[in-house]
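Here the structure comes first, spelled out in structure tokens, and everything after it is commentary.
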Amino acid sequence: QDRTGQDRTGQDKGLSAPCGVDEMESSSSSFKFDQDGADQHQDAAWLKTAEQEVALDTGVFGEAEQKLDELIRDYIQLRVAPSSQGVQAAIHLLGESWAAKNLPDVEVAPSFLLPPFISSADRDTLIEQTRQNLIEEVENLPNEMTSQLERSIESRLKQNLRRHLLGKREAYNSMSELKEETRNSVGAALAAIWLQQPHVQEQHMQSLSGMLLPEPLRAHIWRFKLGGPAKYVEIGTTLSKKLDKAGQSLEDVEKNSLRPIIFRTGTEMYSSHQVMSEVGTSGAVNSACSVLLRLHLITGQKAKFERHLLLLGPIFRVFPCKHPEEKDFCWWLACLMEVDKLILHGEALHEQAISMTRKIKSMDEPLAALLAKLYMADKRKGGEGFKDDKQAEEGVALLFEPWLDTGLAGYLGMQPLCWCWDQCFLKGWHILPRLCIGLALRLSVELRRCSTWEACESVVRNGLARVHIHQLQEILKSDS
């Protein structure tokens with residue numbers, strides 16, 4: 001990696017934050033995350049240590065080092081013009097000491113990579129393209145040499161990970177606890193690699209579909225998909241402008257008359273709601289109040305507090321903070337606003353729910369007919385007439401609209417919900433309706449036992465709360 005310009009001293013840049021956003025120049029040893037109120041851990045540090053140990057394993061790398069130098073030297077001499085800026089870009093990446101040893105006849109002229117010879121943007125593009133070209137050349141190592149390197153690296157990483165895990169505490173209470181600790185450490189390390197080598201991130205993310213992600217890796221993916229530091233800064237700037245325009249301070253925002261209403265609603269929802277109880281602490285409710293009051297200042301919205309409280313549940317779960325500061329409120333607000341954009345609204349939401357209803361009818365017509373019948377009977381009992389089957393179809397769609405409107409928040413347990421959002425971030429939010437269809441079909445046996453529309457709604461609430469991740473994985477697999 002040194003030969004392609006990677007910086008060994010910055011393995012984990014960008015992983016610390018307001019809940020993981022703001023300290024974008026931190027090192028691997030400062031990677032931090034909270035889990036269920038536990039102390040902050042440093043689970044990426046072992047990767048950096050292991051990498052340094054591998055780099056010092058000269059016995060394994062001696063033969064490969066000579067071949068690597070030969071491949072890179074041949075590439076520069078045969079495929080890059082001697083006096084071009086491309087040579088200077090390669091020297092910039094490889095280091096002047098390497099150039100002195102391997103390219104003694106080439107003049108080192110770093111000024112050729114500065115204005116007025118080349119613009120900053122063109123320089124960055126040239127260096128990145130040169131890096132990619134060098135990496136491609138390095139990948140031409142003979143297979144047997146590559147296998148030897150991979151075995152050495154894997155062995156060193158495993159040794160260091162074992163030392164890291166065994167040194168963190170005196171004993172683990174169970175094998176599952178050890179496995180979870182290992183998953184988190186490896187997840188943190190992979191996130192560190194992605195930050196240093198972003199060109200491999202998308203490729204890796206495609207292979208993660210359907211998997212249960214380690215907490216640090218989940219936080220990294222969500223942060224990346226929700227806009228990261230740029231979005232956090234954007235929201236903070238917007239909030240500052242709104243405060244200036246209104247002539248208010250943050251203290252004024254916190255004293256808004258809506259706060260008691262939000263606090264009461266949040267307390268009831270987080271404490272009594274079966275699947276939201278995991279975030280049901282007074283701290284979470286107070287944080288939700290602060291976030292929603294800032295949202296109200298920016299957007300003027302105050303009619304969707306219940307829905308936004310549900311959406312904040314998984315956000316608090318993935319980006320926890322025991323003692324939040326203003327930067328944390330801004331990040332939570334940025335996450336909420338971005339998720340809100342990804343979820344359908346209004347007529348588009350209703351049309352998607354109708355499309356779900358029709359899809360379910362094509363796959364299980366008796367179930368669709370029963371739901372329409374129960375909905376029609378319920379409305380007639382309330383004195384409302386029905387014109388045609390289309391109206392009944394639209395009525396049945398109302399059963400599914402809340403699933404889409406909240407991204408299943410408030411229906412699934414917190415872990416299954418986070419898994420669903422993982423898939424939406426990895427594959428796109430267009431898969432949410434397909435997951436909902438699979439869930440509806442899984443509840444078909446219980447729904448067919450219902451004799452009233454009210455009973456259907458109860459089956460949905462209780463049935464979705466009992467769904468496990470492995471069942472969702474089966475739905476995703478069968479849908480694929």
Residue pairs involving residues 284-301 (criterion salt bridge (Lys or Arg N to Asp or Glu O under 4.0 Å); sequence neighbours excluded) = E254-R294, R294-E326
Is the backbone of [Y] close enough, under 3.5 Å, to the side chain of [X] for a donor and an acceptor to pair up by distance?
X    : Y    : answer
Q473 : M211 : no
H308 : A288 : no
S355 : E351 : no
N286 : G283 : no
N256 : V253 : no
R307 : D405 : yes
W419 : G210 : yes

side-chain hydrogen bond (donor to acceptor under 3.5 Å, both in side chains) between E136 and Q132, worked out = CA-CA 6 Å; E136 290 178 7; Q132 295 304 320; over 6 Å; no
Applying side chain to side chain contact (heavy atoms under 4.5 Å, CB included) to Q206 and not counting sequence neighbours gives none
Does E107 have any side chain to side chain contact (heavy atoms under 4.5 Å, CB included) partners at least two apart in sequence or in another chain, and if so, which?
-> none
Where does the angle between the aromatic ring planes of [X] and [Y] fall among parallel (under 30°), tilted (30 to 60°) and perpendicular (over 60°)?
X    : Y    : result
Y270 : F316 : perpendicular
W421 : F425 : perpendicular
Y232 : W331 : perpendicular

Please give me the minimum heavy-atom distance between [X] and [Y], naming the atom from each residue.
X    : Y    : answer
G187 : L217 : O-CD1, 3.7 Å
V318 : C418 : CG2-SG, 4.0 Å
S209 : K427 : OG-CD, 3.2 Å

From CD (E202) to CG (L426), nearest 0.5 Å |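 CG of L426 is found 9.5 Å from CD of E202.
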Please list, one pair per line, the donor and acceptor atoms closer than 3.5 Å that link side chains of residues 116-123 to other protein atoms, with sequence neighbours excluded.
| unit_1 | atom_1 | unit_2 | atom_2 | d |
| --- | --- | --- | --- | --- |
| S119 | OG | D122 | N | 3.2 |
| S119 | OG | D122 | OD2 | 3.1 |
| R123 | NE | L113 | O | 3.3 |

Is any NZ, NE, NH1 or NH2 atom of the basic residue among E215 and R317 found under 4.0 Å from an Asp or Glu carboxylate oxygen of the other?
->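 Yes.
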Could E234 and K231 be called an ion pair, given the rule that one side-chain N must be under 4.0 Å from one carboxylate O?
->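 Between K231 and E234 there is a salt bridge, with a charged N closer than 4.0 Å to a carboxylate O.
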Between W194 and H220: side-chain donor-acceptor atoms closer than 3.5 Å | no
Pair N133-Q129, side-chain donor/acceptor within less than 3.5 Å = yes
Would you call L226 and I315 a side-chain contact if the rule is heavy atoms closer than 4.5 Å?
->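 The answer is no; the side chains never approach within 4.5 Å.
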Validation row: L412, C420 side chains within 4.5 angstrom (heavy atoms) =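 In contact.
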Salt bridge (charged side-chain N to carboxylate O under 4.0 Å, His left out) partners for R434, two or more places apart |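 With sequence neighbours excluded, R434 shows a salt bridge (charged side-chain N to carboxylate O under 4.0 Å, His left out) to D479, given in chain and number order.
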Kindly state whether the ring of W332 and the ring of F319 have centres lying under 6.0 angstrom apart.
->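 Not under 6.0 Å, so no.
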Under 6.0 Å from the CD atom of E96, do we count more than 12 heavy atoms belonging to anything else shown?
-> no
Begin from the C-alpha positions of I91 and W98 and carry the test side chain to side chain contact (heavy atoms under 4.5 Å, CB included) through to its verdict.
-> CA-CA 8 Å; I91 293 174; W98 186 92; over 6 Å; no
Contacts of H468 that satisfy ring-ring contact (aromatic ring centres under 6.0 Å, His included) - sequence neighbours left out | H470
